[in-house]
Q: 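Quick one: this structure, given as structure tokens, is what I'll be asking you about.
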Amino acid sequence: LKLQFLYFIETSYTKMSVVFDLLPEQYKNGTERGWNEAQQVYTAYYPVVHPAVEFVYDNCFVLAGLVVLFYLHRWNQSVLYYSGGWHGEGRKANVKRISKDMMPPFANGWYKILDSHVLKPGTVKSVRLCDKKLVAFRTHEGKVGVLDAYCPHLGADLGVHGRVVDGCVECPFHAWRFNTEGECEGIEYSDCIPKGSTIQSYEVFESNRMIHVWYDAEGREPHWFPRRYKEIDSGDWYFACWSGHEILTHMAELPENGPDCAHLDVLHKDWIFSKELHQRQVKTKETEFLSHAWEADWSVDEEHPHQSTLRVAQKMVLGFGRWTPSLTVVPVEANQVGPALVYLHLQTSFGQILMAQNVTPVGKLRQRVEHYYYAEKSVPRIIAKFVAWGSSRQFERDVAIWEAKTFIPKPLLTKGDGPIGRFRSWFKQFYSENSVRFDEPTDNDW
């Protein structure tokens with residue numbers, strides 16, 4: 001290949017000379033000057049080009065290896081953003097799945113609405129939570145405010161073309177200004193502020209580089225808060241990966257997976273590299289030789305009733321169930337805090353990986369689920385990314401079930417099913433008398 005390329009370079013001048021001789025006379029006169037200049041350039045640069053070509057071909061494999069190593073290094077230092085597909089986007093939830101015995105669609109608790117870095121000082125963002133449109137803004141001093149999105153004056157959406165002025169969000173329609181508490185502090189064209197010109201505001205808690213909002217159907221103050229990891233806020237743990245899904249299901253289906261220990265050895269038994277869920281009946285050598293085994297235990301935190309804990313021992317079984325290498329036994333502890341926040345601690349041989357799961361109900365049967373992966377600096381990024389990718393693959397197996405199943409208020413449970421009934425009793429604490437019902441209209445039904 002090198003000889004052919006050199007032959008092409010060295011004979012190009014001769015070939016172009018032949019082509020030039022074949023041109024009609026009227027074209028020769030017009031191109032002779034350019035051809036002479038090309039001859040001079042070729043003659044001048046030939047001593048440089050010839051050895052350069054030889055060097056590239058003599059070291060082509062070394063250079064290719066360096067390029068591969070460079071991109072591997074770039075990939076290793078980057079953050080992995082894995083979108084498994086916004087499953088619910090562009091589709092409507094199946095109303096036939098709604099049962100009168102279902103729990104209300106929106107539980108009382110803390111919900112993540114934005115990443116902290118997205119809401120920079122002086123910016124305004126429109127968000128959706130519990131079928132309500134909200135507006136989030138950060139003052140130039142750094143304080144975050146979250147209000148109902150619609151201005152009480154004439155109903156303009158503050159999140160669409162609104163701006164931050166003097167610590168307030170300004171309505172783009174008539175320049176009414178509302179502070180972080182929802183109080184109107186001024187009107188562009190009037191010094192008279194009408195009574196009742198306030199907007200509902202929401203309690204904000206910023207931690208782990210995320211902005212959380214407190215939602216309570218009774219308007220009560222929060223009595224518990226999301227966990228704060230100083231290792232994340234200080235940068236002692238690095239941010240490795242993010243994955244996101246939007247799915248059509250009831251928000252209680254996701255945490256119910258915790259006490260449903262029996263489904264682990266059925267739905268999540270196959271290796272993560274095996275075929276898709278709908279092809280699980282097709283057995284292959286790798287699925288028979290490699291599989292997951294699970295041991296799980298779910299319990300309620302007696303000291304903190306709003307928390308529950310799932311302890312899992314995940315193993316890789318090799319050789320048709322005859323051998324379980326000790327290195328493949330990974331202890332996992334998942335702490336459910338409230339209805340929508342999960343902090344999963346995974347202990348590897350290199351160090352700890354933390355997965356923070358946030359479930360944000362944007363509609364009655366529409367959940368936005370995001371996973372954030374942080375790791376100790378002793379954990380190689382490639383390990384953290386592999387864990388994130390594998391977890392997302394396993395999560396998507398659950399998504400396929402959640403989006404097709406219906407709610408059974410009194411399930412037929414048997415030995416080995418796990419404390420599902422106990423979980424449902426525990427989860428009911430996050431609902432109250434005025435919790436929104438499925439048949440109640442919301443902002444989305446306007």
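Given the structure is predicted, the values throughout are model-derived calculations rather than measurements.
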Q: Kindly confirm or rule out a cation-pi arrangement of Arg209 over Phe239, judged by NZ or CZ under 6.0 Å from the six-membered ring centre and within 45° of its axis?
A: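 Ring-cation test returns no.
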
Q: Would you say that more than 12 heavy atoms from the other residues, nucleotides or ligands in this model lie under 6.0 Å from the OH of Tyr229, or not?
A: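 Atom OH in Tyr229 is crowded, with more than 12 foreign heavy atoms closer than 6.0 Å.
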
Q: Between the side chains of Tyr373 and Trp389, does any donor sit under 3.5 Å from an acceptor?
A: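 Looking only at side-chain atoms, Trp389 and Tyr373 do not form any donor-acceptor pair under 3.5 Å.
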
Q: Ion pair present between Asp265 and Lys269, side-chain N to carboxylate O less than 4.0 angstrom?
A: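 Between Lys269 and Asp265 there is no salt bridge, as every charged N stays at least 4.0 Å from the carboxylate O atoms.
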
Q: Have His268 and Gln394 got a donor and an acceptor in their side chains that come within less than 3.5 Å?
A: yes

Q: Any salt bridge linking Glu206 with Lys143? Criterion: basic side-chain nitrogen under 4.0 Å from a carboxylate oxygen.
A: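 Looking at Glu206 and Lys143, the cut-off is not met.
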
Q: Is it true that Tyr374 and Trp242 have ring centroids separated by less than 6.0 Å?
A: no

Q: For the residue pair Phe205 and Phe225, categorise the inter-ring angle as parallel (less than 30°), tilted (30 to 60°) or perpendicular (more than 60°).
A: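 Judged by the thresholds at 30° and 60°, the geometry between Phe205 and Phe225 is tilted.
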
Q: Is it true that Arg311 and Glu295 have a side-chain N and a carboxylate O under 4.0 angstrom from each other?
A: no

Q: Please determine whether side chain to side chain contact (heavy atoms under 4.5 Å, CB included) holds for the pair Thr139 and Thr180, giving the CA-CA distance in whole Å, both sets of side-chain angles, and the decisive distance to 0.1 Å.
A: CA-CA 9 Å; Thr139 67; Thr180 55; 4.2 Å; yes

Q: Aromatic rings Phe430 and Trp426: how do their planes relate, parallel, tilted or perpendicular, breaks at 30° and 60°?
A: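 Because their plane-to-plane angle is over 60°, the rings of Phe430 and Trp426 count as perpendicular.
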
Q: Show your reasoning for whether side chain to side chain contact (heavy atoms under 4.5 Å, CB included) applies to Asn335 and Arg227.
A: CA-CA 10 Å; Asn335 303 120; Arg227 289 191 177 182; 3.0 Å; yes

Q: Just distance, no hydrogens or angles: give the donor-acceptor pairs under 3.5 Å from side chains in residues 160-168, sequence neighbours left out.
A:
{"from": "Arg163", "atom 1": "NE", "to": "Glu170", "atom 2": "OE1", "distance (Å)": "2.8"}
{"from": "Arg163", "atom 1": "NH2", "to": "Glu170", "atom 2": "OE1", "distance (Å)": "3.1"}

Q: Ala296: what forms a side-chain contact (heavy atoms from CB on, under 4.5 Å) with it, not counting sequence neighbours?
A: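 For Ala296 the side-chain contact (heavy atoms from CB on, under 4.5 Å) partners, ignoring immediate neighbours, are Cys261, Leu264, Leu310, Val312.
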
Q: Give a yes-or-no answer on whether the side chains of Asn179 and Glu185 include a donor-acceptor pair shorter than 3.5 Å.
A: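 Result is yes, a qualifying pair exists.
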
Q: What's the verdict on salt bridge (charged side-chain N to carboxylate O under 4.0 Å, His left out) for Lys377 and Asp236, showing C-alpha distance, side-chain angles and the deciding distance?
A: CA-CA 7 Å; Lys377 292 182 179 179; Asp236 290 341; 5.2 Å; no

Q: When the ring centroid of Trp176 is compared with that of His153, is the distance short of 6.0 Å?
A: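 Ring centres of His153 and Trp176 closer than 6.0 Å.
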
